[in-house]
J.: 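Supplied in structure tokens, the structure appears directly below.
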Amino acid sequence: MPSHIMLSYQWDDQALVKKIYDHFKDDGLPVWMDIEGGVTGNINDAMAAGVEEAVVICPFMTPAYQASRSCKKELNYADSREVIIVPVMLANSWEASEWLGLITAGLLWVDFRNAETDEEHFKMCVRSLEEEIMFNAGHLLAEEEPQREEVDQPETPKRFLKKKPGRGFRHALSKLYIQDSGEQIIHTASDSRHTVELDETPGDGCYWEEIKGNGCKYYRNVVTNRYLGFDPSRDEIHSEVSPSVSEEWLLFTDQTDQSHQRAVVIKNKHSGRFLAVQNGCFIGLTSYDEDCKWFLE
């Protein structure tokens with residue numbers, strides 16, 4: 001039965017990936033890497049076994065990774081087996097294309113660009129990757145007890161990793177959270193819509209289950225079971241009992257962000273508007289600016 005996280009990389013990035021591997025092991029995550037006992041005997045058989053036993057595969061994307069025949073075989077095989085893919089971006093000013101762009105299209109990648117410039121930034125990137133893995137596959141992974149050397153000094157407590165009930169969205173500038181209020185909107189357009197508010201403190205109503213649609217994502221509130229939507233005619237965010245085109249969203253990694261937090265951009269697919277906050281209120285913008293930046297919580 002699939003049980004581990006597979007790290008798929010091109011050899012130029014081996015040192016960085018090994019460092020990530022070590023952090024995962026320290027945090028009790030079941031992780032597989034070729035140079036850490038993952039490859040014995042025939043290399044093709046070993047790599048195939050690594051994919052077949054993977055719950056998640058993390059491709060560390062660079063131009064060299066895209067050009068590698070071995071990396072292409074690994075990720076194509078994982079994709080054919082419907083292994084969950086959590087991409088990691090290492091390269092600046094570059095986008096995946098060709099076979100790699102096709103496989104990772106629509107997936108939210110974790111930003112490791114310039115991660116090694118500062119140790120604290122690196123740890124933040126590792127935390128972001130762990131959280132994205134737990135969000136996508138936490139229910140399928142069993143944490144391991146980390147191996148530690150026998151020492152006289154007390155052990156540092158292991159960070160507890162837990163799958164969250166959904167995605168939480170915190171606005172980067174205002175630090176406000178998207179929350180379903182559960183209160184009905186009173187106007188003639190629809191009597192089934194409820195108001196969605198901005199809240200200073202996160203609660204259960206701030207979590208949204210991510211559901212894949214046809215070239216889009218739906219976000220269903222974990223408390224009210226209502227879908228996040230946008231009405232461009234009123235510039236209004238709402239929640240709806242059942243999804244329609246107004247409730248179709250696109251979620252992208254914010255490539256302009258350099259904070260090493262989980263910065264994203266939320267775009268309503270039907271209207272083409274970016275979800276933003278100005279003066280403490282929701283607004284849909286036709287083009288991106290800093291008001292459109294959100295952090296995943």
J.: Would you mind reporting whether Ile84 and Ile57 have side-chain heavy atoms less than 4.5 Å apart?
T.: no

J.: Among Ile283, Asn268, Ile266, find the one that has a side-chain contact (heavy atoms from CB on, under 4.5 Å) with Leu275.
T.: Ile266

J.: Quick one: are Asp34 and Tyr9 in side-chain contact, heavy atoms under 4.5 Å?
T.: yes

J.: If I take atom CG from residue Asp199 and atom CZ from residue Arg170, how far apart are they, to the nearest 0.5 angstrom?
T.: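 Output value for this atom pair is 13.5 Å.
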
J.: Mind listing the side-chain donor-acceptor pairs of residues 223-230 below 3.5 Å, one per line with the distance, residues two or more places apart or on another chain?
T.:
from: Thr224; atom 1: OG1; to: Asp180; atom 2: OD2; distance (Å): 2.6
from: Thr224; atom 1: OG1; to: Arg226; atom 2: N; distance (Å): 3.3
from: Arg226; atom 1: NE; to: His194; atom 2: ND1; distance (Å): 3.3
from: Arg226; atom 1: NE; to: Ser239; atom 2: OG; distance (Å): 3.0
from: Arg226; atom 1: NH2; to: Ser192; atom 2: O; distance (Å): 2.2
from: Arg226; atom 1: NH2; to: Ser239; atom 2: O; distance (Å): 3.1
from: Tyr227; atom 1: OH; to: Arg220; atom 2: NH1; distance (Å): 3.2

J.: Restricting to non-hydrogen atoms, name the atom on Glu210 and the atom on Tyr219 that form the minimum distance, rounded to 0.1 Å.
T.: OE1-OH, 2.7 Å

J.: Under a 4.5 Å cut-off applied to non-hydrogen side-chain atoms, are Arg273 and Asp235 in contact?
T.: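 Yes, at least one pair of side-chain atoms sits under 4.5 Å.
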
J.: Tell me whether Lys164 forms a cation-pi arrangement with Phe135, defined as NZ or CZ under 6.0 Å from the six-membered ring centre and within 45 degrees of its axis.
T.: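 Lys164 over Phe135 ring: no.
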
J.: Decide side chain to side chain contact (heavy atoms under 4.5 Å, CB included) for Arg113 and Leu90; before the verdict, give the C-alpha distance in whole Å, the side-chain angles of both, and the deciding distance to 0.1 Å.
T.: CA-CA 5 Å; Arg113 297 171 301 174; Leu90 300 184; 6.0 Å; no

J.: Give the C-alpha distance, both sets of side-chain angles, the deciding distance and a yes or no for salt bridge (Lys or Arg N to Asp or Glu O under 4.0 Å) between Lys293 and Glu290.
T.: CA-CA 6 Å; Lys293 181 181 295 186; Glu290 284 292 304; 3.5 Å; yes

J.: Go through the steps to decide whether Ser3 and Glu53 satisfy the test side chain to side chain donor-acceptor pair (under 3.5 Å), and finish with yes or no.
T.: CA-CA 6 Å; Ser3 59; Glu53 295 173 13; 5.4 Å; no

J.: Below 4.5 Å, heavy atoms only, C-beta onward: do Asp204 and Pro165 meet side chain to side chain?
T.: no

J.: Is Ser68 reaching over with its side chain to a backbone N or O of Tyr65, donor-acceptor style, under 3.5 angstrom?
T.: no

J.: So that I can tick it off, tell me whether Glu130 and Arg127 are bridged by a salt bridge, with the cut-off set at under 4.0 angstrom between side-chain N and carboxylate O.
T.: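 Judged by the 4.0 Å cut-off on N to carboxylate O distance, Arg127 and Glu130 do not form a salt bridge.
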
J.: Charged N to carboxylate O below 4.0 Å: is that the case for Glu200 and Lys175?
T.: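 No salt bridge links Glu200 with Lys175.
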
J.: Are side-chain heavy atoms of Asp22 and Ile20 found at a separation under 4.5 Å?
T.: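 SC-SC contact between Asp22 and Ile20 ruled out.
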
J.: Quick test of your reading of the model: are Glu119 and Lys19 salt-bridged, counting only N-O distances below 4.0 Å?
T.: yes

J.: Side chains of Ile5 and Val86: does their closest heavy-atom pair fall under 4.5 Å?
T.: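 No, side chains not in contact.
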
J.: Do the charged groups of Asp111 and Arg262 touch, with an N to O distance under 4.0 Å?
T.: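 Salt bridge flag = no for Arg262 with Asp111.
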
J.: Got Phe282 and Val196 here, is their nearest side-chain heavy-atom distance under 4.5 Å?
T.: yes

J.: Just checking Lys72: does its NZ atom have more than 12 heavy atoms from other residues, nucleotides or ligands closer to it than 6.0 angstrom?
T.: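 Atom NZ in Lys72 is not packed in, count stays at 12 or less.
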
J.: Could you tell me whether Glu247 and Lys269 have a side-chain N and a carboxylate O separated by less than 4.0 Å?
T.: no

J.: Once ring-ring contact (aromatic ring centres under 6.0 Å, His included) is applied, do any residues pair with Trp294, and if so which ones, sequence neighbours excluded?
T.: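 Testing Trp294 for ring-ring contact (aromatic ring centres under 6.0 Å, His included), a comparison that skips the adjacent residues, returns His171.
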
J.: Evaluate Leu75 against Leu100 for side chain to side chain contact (heavy atoms under 4.5 Å, CB included), listing each step before the verdict.
T.: CA-CA 8 Å; Leu75 200 60; Leu100 183 57; 3.6 Å; yes

J.: Mind running side chain to side chain contact (heavy atoms under 4.5 Å, CB included) on Leu198 and Tyr177 for me, showing each step along the way?
T.: CA-CA 5 Å; Leu198 291 164; Tyr177 294 83; over 6 Å; no

J.: Scan residues 92-125 for pairs that pass ring-ring contact (aromatic ring centres under 6.0 Å, His included), counting only residues two or more places apart or in two chains.
T.: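 Every pair satisfying ring-ring contact (aromatic ring centres under 6.0 Å, His included) with a residue in residues 92-125: His23-Phe122, His121-His260.
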
